[in-house]
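The structure appears below as structure tokens.
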Amino acid sequence: MSCFYCEKDERLLALMTPLAGMTWSDVYLFNDQKHRGRCIVALREHHDEIFQLSDAQRDGFFAEVAAVAEAVSGYTGADKINYAIYGDNVSHFHVHLVPKIRDGLQWGSPFTDSIPTVTLSSADFQETGRALLAALDAAAARRGLPTAEHRLA
């Protein structure tokens, strides 16, 4: 089975837009913004399971997940970030970061993509991405992580 996180092809770009590259991960802004600020943090190296990661990979990857989550939370004012790690459809190890607002969309239940898609205007999507990148740079600095390589076009 081919992996769109490794190949970075049209299958990936149909769902998400590259936002940043970090030491252990690539960060994507989900194209469907029903949960404004939803991101995916994907391990740069292909592994299917957390137990396949070295201690350094696991620790570094989750430090970056924490920085991205902090950025998403700060940008969105989320009351909670939902973290989802699945892998039965796309086996590459990755984490969904889904901001939730108390009493807002899907509060109190797992997020699902079975509800209508929200597509932002190009300008709003770009602004969301730029704001998240600024918040990510600040979160990474606070955590002593290298500054992310910005990839938003």
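- For the atom pair CG of Asn31 and OG1 of Thr117, the computed distance is 10.0 Å after rounding to the nearest 0.5 Å.
- Both Leu97 and Phe125 are members of a single hydrophobic cluster when ILVMFWY side chains are connected at heavy-atom separations under 4.5 Å.
- Two residues are said to be in side-chain contact when any heavy atoms from C-beta on lie closer than 4.5 Å; Arg36 and Tyr75 meet this criterion.
- The shortest distance between side-chain heavy atoms of Ser54 and Asp59 does not fall below 4.5 Å.
- Of all heavy-atom pairs spanning Ala148 and Ala20, the tightest one is CB-CB, 3.8 Å.
- Cluster membership for Leu136 and Phe62, using ILVMFWY side-chain heavy atoms within less than 4.5 angstrom, is shared.
- Of the inter-residue distances, the one linking His96 atom NE2 with Asn82 atom CG reads 11.5 Å to the nearest 0.5 angstrom.
- Considering all non-hydrogen atoms of both residues, Ser25 and Glu64 come closest at OG-OE1, 2.6 Å.
- In this structure, Asp48 contributes its side chain and Gly87 its backbone to no donor-acceptor pair below 3.5 Å.
- Residues passing the side chain to side chain contact (heavy atoms under 4.5 Å, CB included) test with Ser122, sequence neighbours excluded: Gln126.
- No path of Ile, Leu, Val, Met, Phe, Trp and Tyr side chains, each step under 4.5 Å between heavy atoms, connects Ile115 with Met16, placing them in separate hydrophobic clusters.
- One finds the CG atom of Leu19 at 12.0 Å from the CD1 atom of Ile40 (value rounded to the nearest 0.5 Å).
- Closest of all the heavy-atom pairs between Thr23 and Pro146 is OG1-CG, 3.7 Å.
- The CE atom of Met22 lies 13.0 Å from the CG atom of Leu43; values are rounded to the nearest 0.5 Å.
- Atom OG in Ser121 sits 10.0 Å away from atom CD in Glu127 (nearest 0.5 Å).
- The distance from the CG atom of Leu132 to the CZ atom of Arg38 is 13.5 Å, given to the nearest 0.5 Å.
- Within the 4.5 Å cutoff, no side-chain heavy atoms of Tyr5 are placed close to those of His46.
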Check: Under the side-chain contact (heavy atoms from CB on, under 4.5 Å) criterion, do Trp24 and Leu53 qualify, and how do the steps go?
Finding: CA-CA 11 Å; Trp24 301 100; Leu53 280 59; over 6 Å; no

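- The two residues Gly21 and Arg44 have their closest heavy-atom pair at CA-NH2, 3.4 Å.
- In this structure, Phe111 shares a hydrophobic cluster with Tyr86, Val98, the cluster being traced through Ile, Leu, Val, Met, Phe, Trp and Tyr side chains under 4.5 angstrom apart.
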Next item on the list: Please report the C-alpha distance between Phe61 and Glu45 in whole Å, then the side-chain angles of each, then the deciding distance to 0.1 Å, and finally whether the side-chain contact (heavy atoms from CB on, under 4.5 Å) criterion is met.
Entry: CA-CA 11 Å; Phe61 176 77; Glu45 186 175 305; over 6 Å; no

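- Residues meeting the side chain to side chain contact (heavy atoms under 4.5 Å, CB included) test with Ser73, sequence neighbours left out: Ile81.
- Note on Val68: it clusters hydrophobically with Val95, by side-chain heavy-atom contacts below 4.5 Å among ILVMFWY residues.
- Exactly one of Lys34, Lys100, His35 qualifies for a side-chain hydrogen bond (donor to acceptor under 3.5 Å, both in side chains) with Gln106. That residue is His35.
- Side-chain atoms of Asp79 never come within 3.5 Å of backbone atoms of Ile101 as a donor-acceptor pair (strictly under, hydrogens ignored).
- Leu15 and Val72 fall into different hydrophobic clusters, where Ile, Leu, Val, Met, Phe, Trp and Tyr residues are linked whenever their side-chain heavy atoms come under 4.5 Å apart, directly or through other members.
- Of all the heavy atoms in Cys39 and Leu29, the pair that sits closest is SG-CD1, 4.1 Å.
- For the pair Ala67 and Leu145, the tightest heavy-atom approach, listed with the atom from each and the gap, is CB-CD1, 3.9 Å.
- Within the cation-pi definition used here (under 6.0 Å to the ring centroid, within 45° of the axis), Arg11 does not qualify as a partner of Phe4.
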